[in-house]
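In what follows, a structure is listed as structure tokens, so that the remarks can point back to it.
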Amino acid sequence: MDLLFELLGLFFVILGIIGSFLPVLPGPITGWIGLFLLHQSSRIDNNTNFLTITFIIALAVFLLDYIIPALGTKKFGGSKKGVIGSTVGLLVGLMFLGPFGIIIGPFAGAYFGERLNKTPDKQALKAAFGSLIGFLSGVFLKFSVASIFCYHFIKIYWTLWS
């Protein structure tokens with residue numbers, strides 16, 4: 001049974017890294033599930049403090065992933081309608097465009113939100129670009145956390161064999 005927990009844990013940690021780039025998988029949370037499964041093995045000490053802290057980090061990054069594109073829009077001079085458009089665009093993009101929707105949706109939503117606000121085209125594009133920068137920042141953050149979870153998985157598992 002221990003080997004099953006360990007192999008499933010490894011699967012989920014790797015899936016967490018992949019999920020950092022694919023919007024259909026919550027990367028850090030998936031990676032955390034891998035750490036959790038590893039700690040269910042009787043060969044590993046169950047460190048509840050470590051699991052609690054890493055879960056809070058995974059949850060925070062998961063939530064930030066939906067907020068960062070809107071913050072990017074605002075940072076690049078977007079109005080409230082641009083921020084709302086970015087959020088709506090993210091949701092609509094995910095529903096209709098799948099994985100590409102997470103890139104195209106917030107960009108288009110911020111742009112059209114700004115145009116509804118009668119913002120000049122150049123400023124609307126700048127706000128939309130901010131949304132894209134926000135998305136890329138979110139991907140970097142998710143990948144970083146998922147990679148750290150993978151590192152800890154390997155480090156913990158390695159101690160079994162040394």
Any idea which heavy atoms bring [X] and [Y] closest together, and the distance?
X   : Y    : value
I68 : G134 : CG2-O, 2.8 Å
S20 : V139 : O-CG1, 3.7 Å
V61 : P28  : CG1-CG, 3.6 Å
V13 : L35  : CG2-N, 4.1 Å

Just verifying a value: how many Å separate [X] [atom1] and [Y] [atom2], rounded to the nearest 0.5 Å?
X    : Y    : atom1 : atom2 : result
D121 : K126 : CG    : NZ    : 14.0 Å
I44  : L38  : CD1   : CG    : 4.5 Å
Y151 : W158 : OH    : CH2   : 12.5 Å
L10  : I154 : CG    : CD1   : 7.5 Å
F76  : L132 : CZ    : CG    : 9.5 Å
I29  : K142 : CD1   : NZ    : 10.5 Å

When clusters are formed by joining ILVMFWY residues with side-chain heavy atoms under 4.5 Å apart, either directly or through shared neighbours, do [X] and [Y] land in the same one?
X    : Y    : result
F36  : L59  : yes
I67  : L91  : no
I148 : I56  : no
L4   : F153 : yes
V83  : L94  : no

Please check: side-chain N/O of [X] versus main-chain N/O of [Y], any donor-acceptor pairing under 3.5 Å?
X    : Y    : value
E114 : Q123 : no
S131 : P106 : yes
T119 : R115 : no
S41  : L37  : no
D2   : S42  : yes
W32  : L51  : yes

Exercise for review: Kindly indicate whether the side chain of L7, heavy atoms from C-beta on, has any atom under 4.5 Å from the side chain of L3.
Suggested key: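 The answer is yes, as the side chains (C-beta and beyond) meet within the 4.5 Å cut-off.
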
Review point. Less than 4.5 Å apart, any side-chain heavy atom of Y111 and any of L125?
Key: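 Yes. Closest side-chain heavy atoms under 4.5 Å.
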
Exercise for review: Taking atom CZ of F5 as the centre, report whether more than 12 heavy atoms of other residues, nucleotides or ligands fall under 6.0 Å from it.
Suggested key: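 Yes - once you tally the heavy atoms of other residues, nucleotides and ligands closer than 6.0 Å, there are more than 12.
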
**Study point:** Other residues, nucleotides, ligands: >12 heavy atoms within 6.0 Å of M1 CE
**Key:**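 No, CE of M1 has 12 or fewer neighbouring heavy atoms, counting only those of other groups under 6.0 Å.
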
Practice item. Verify side-chain contact (heavy atoms from CB on, under 4.5 Å) between R43 and Y157, making sure each step is shown before the conclusion. Key: CA-CA 9 Å; R43 300 190 302 174; Y157 196 71; 3.8 Å; yes

**Study point:** Working for side-chain contact (heavy atoms from CB on, under 4.5 Å), residues L64 and L141
**Key:** CA-CA 9 Å; L64 279 173; L141 180 63; 4.2 Å; yes

Check your understanding: Under the side-chain contact (heavy atoms from CB on, under 4.5 Å) test, which residues partner I18, sequence neighbours left out?
Key ->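 Per chain and number, I18 pairs via side-chain contact (heavy atoms from CB on, under 4.5 Å) with I14, L22.
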
Exercise for review: Report the C-alpha distance between F143 and I17 in whole Å, list the side-chain angles of each, state the deciding distance to 0.1 Å, and finish with yes or no for side-chain contact (heavy atoms from CB on, under 4.5 Å).
Suggested key: CA-CA 6 Å; F143 177 72; I17 291 174; 3.8 Å; yes

Check your understanding: Can you check side-chain contact (heavy atoms from CB on, under 4.5 Å) on L116 and F112, steps first, answer last?
Key -> CA-CA 6 Å; L116 285 174; F112 288 118; 5.5 Å; no

Practice item. May I ask you to decide if the ring planes of F50 and H39 are parallel, tilted or perpendicular, using 30° and 60° as cut-offs? Key: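 Tilted: the ring planes of F50 and H39 meet at 30° to 60°.
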
